[in-house]
Amino acid sequence: MSTTQSERLRELLEPLVSSQGLDLEEIAVDSVGRKRVLRVVVDSDTGADLDRIADVSRALSAKLDETDAMGGGEYTLEVGTPGAERLLTEHRHYVRATGRLVRFQLAEGGELVARILGVGDDGLDLEVPGVKGRKATARRLAFDDITRARVQVEFNRKDDASDMKDDEKEEEA
């Protein structure tokens with residue numbers, strides 16, 4: 001997708017996405033055979049459920065139909081949210097990933113896997129998991145020291161009892 005088309009689509013669609021209380025995270029046009037697919041990724045601090053996705057999809061579709069932003073050919077519009085292992089590129093992405101395990105590529109070389117505990121203006125407060133029975137350690141990481149960060153999927157995470165709802169605590173008692 002040309003930069004011009006990308007910029008035009010962003011200018012056209014971002015106000016509609018924002019009016020739905022969502023952030024426009026990504027726009028991509030891919031060719032699939034003879035058809036084109038316009039993929040729009042949206043998110044918010046509280047997430048985006050299926051109803052919100054459907055609402056924004058209808059609004060975007062109507063706006064695209066009344067303009068020539070996609071040209072005259074056929075295309076399919078796909079609206080969704082970022083994947084489970086999303087890249088963190090904006091300050092708001094780090095805020096939304098608070099409590100999640102993240103793999104960081106460091107500017108000095110190497111990588112670090114740690115849980116985000118807090119996000120400040122200039123960096124992150126992290127909990128680095130202990131290895132071989134050692135306790136987890138706290139670490140501060142400046143944004144300038146990060147070259148790439150990606151959320152990690154956790155299948156076996158055991159939440160603290162403090163994170164449980166009251167009725168769940170009663171069931172365990």
Side-chain angles (χ1 to χ4, degrees), residues 1-32 35-71 73-105 113-121 123-127 141 143 146-160 162-168:
M1 175 167 65
S2 71
T3 304
T4 306
Q5 184 183 26
S6 175
E7 290 170 356
R8 235 179 38 232
L9 285 168
R10 183 168 285 280
E11 287 175 15
L12 178 69
L13 303 180
E14 196 157 31
L16 285 171
V17 172
S18 295
S19 73
Q20 301 282 331
L22 299 168
D23 295 315
L24 178 59
E25 297 292 352
E26 184 180 328
I27 296 175
V29 178
D30 298 314
S31 294
V32 181
K35 291 189 178 182
R36 292 174 301 150
V37 178
L38 171 58
R39 290 186 176 89
V40 178
V41 178
V42 298
D43 201 7
S44 78
D45 290 343
T46 58
D49 61 23
L50 288 176
D51 290 335
R52 288 177 82 184
I53 296 292
D55 290 344
V56 78
S57 182
R58 281 189 290 275
L60 295 178
S61 181
K63 188 65 164 181
L64 289 165
D65 287 348
E66 70 184 40
T67 69
D68 68 345
M70 287 299 293
E74 287 186 35
Y75 69 92
T76 301
L77 173 63
E78 293 180 359
V79 180
T81 57
E85 292 185 351
R86 73 173 306 165
L87 275 175
L88 306 177
T89 58
E90 303 281 337
H91 187 272
R92 68 177 178 262
H93 298 165
Y94 290 97
V95 171
R96 292 173 186 163
T98 299
R100 303 285 308 272
L101 196 64
V102 175
R103 180 177 306 274
F104 299 95
Q105 300 295 322
V113 177
R115 188 169 312 283
I116 297 176
L117 299 179
V119 181
D121 291 336
L124 308 167
D125 292 317
L126 305 173
E127 178 185 71
L141 184 62
F143 288 121
I146 302 168
T147 58
R148 184 178 171 116
R150 182 180 297 275
V151 172
Q152 301 297 289
V153 174
E154 295 180 85
F155 293 107
N156 297 321
R157 181 175 178 197
K158 294 181 174 119
D159 291 328
D160 294 336
S162 61
D163 292 340
M164 297 170 77
K165 297 177 188 157
D166 289 334
D167 54 60
E168 291 174 302

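Small disclaimer: the values here were computed from a predicted structure and weren't measured.
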Identify the two heavy atoms, one from [X] and one from [Y], that lie closest to each other, and give their separation to 0.1 Å.
X: Val151; Y: Arg100; answer: CG1-NH2, 3.1 Å
X: Ala59; Y: Leu16; answer: O-CD1, 3.8 Å
X: Leu77; Y: Ser57; answer: CD2-O, 3.7 Å
X: Ile27; Y: Leu13; answer: CD1-CD1, 4.4 Å
X: Ala149; Y: Val102; answer: CB-CG1, 3.9 Å
X: Gly21; Y: Ser44; answer: O-CB, 3.6 Å

In Å and rounded to the nearest 0.5 Å, what is the [atom1] to [atom2] distance from [X] to [Y]?
X: Leu117; Y: Thr98; atom1: CG; atom2: OG1; value: 8.5 Å
X: Thr76; Y: Met70; atom1: OG1; atom2: CE; value: 9.0 Å
X: Glu78; Y: Asp30; atom1: CD; atom2: CG; value: 8.5 Å
X: Leu124; Y: Phe104; atom1: CG; atom2: CZ; value: 5.0 Å
X: Asp125; Y: Leu141; atom1: CG; atom2: CG; value: 10.0 Å
X: Arg148; Y: Leu88; atom1: CZ; atom2: CG; value: 10.5 Å

Flag the pair [X] / [Y] as yes when at least one side-chain heavy-atom distance between them is below 4.5 Å, and no otherwise.
X: Leu64; Y: Leu12; value: yes
X: Thr46; Y: Arg52; value: yes
X: Glu154; Y: Arg115; value: yes
X: Leu9; Y: Leu38; value: yes
X: Val29; Y: Tyr75; value: no

(request) Mark yes or no for whether Glu26, through its side chain, and Leu24, through its backbone, hold a donor-acceptor pair below 3.5 Å. (result) no
Can you list the residues that meet the side chain to side chain donor-acceptor pair (under 3.5 Å) rule with [X], with sequence neighbours excluded?
X: Thr147; answer: none
X: Glu85; answer: none
X: Lys63; answer: Glu66

(message) Please evaluate residues Val56 and Val40 with respect to the criterion side chain to side chain contact (heavy atoms under 4.5 Å, CB included), reporting the C-alpha separation (whole Å), side-chain torsions for both, the decisive distance (0.1 Å), and the verdict.
(response) CA-CA 10 Å; Val56 78; Val40 178; over 6 Å; no
(request) For Ser19, check side chain to side chain contact (heavy atoms under 4.5 Å, CB included) against everything at least two apart and list the hits. (result) none
(request) Output all residues satisfying side chain to side chain contact (heavy atoms under 4.5 Å, CB included) with Arg58, sequence neighbours left out; order by chain, then residue number. (result) Ala54, Asp55
(message) Applying salt bridge (Lys or Arg N to Asp or Glu O under 4.0 Å) as the test, list every pair that has at least one member in residues 12-24; sequence neighbours left out.
(response) Arg10-Glu14, Asp23-Arg92, Asp23-Arg96
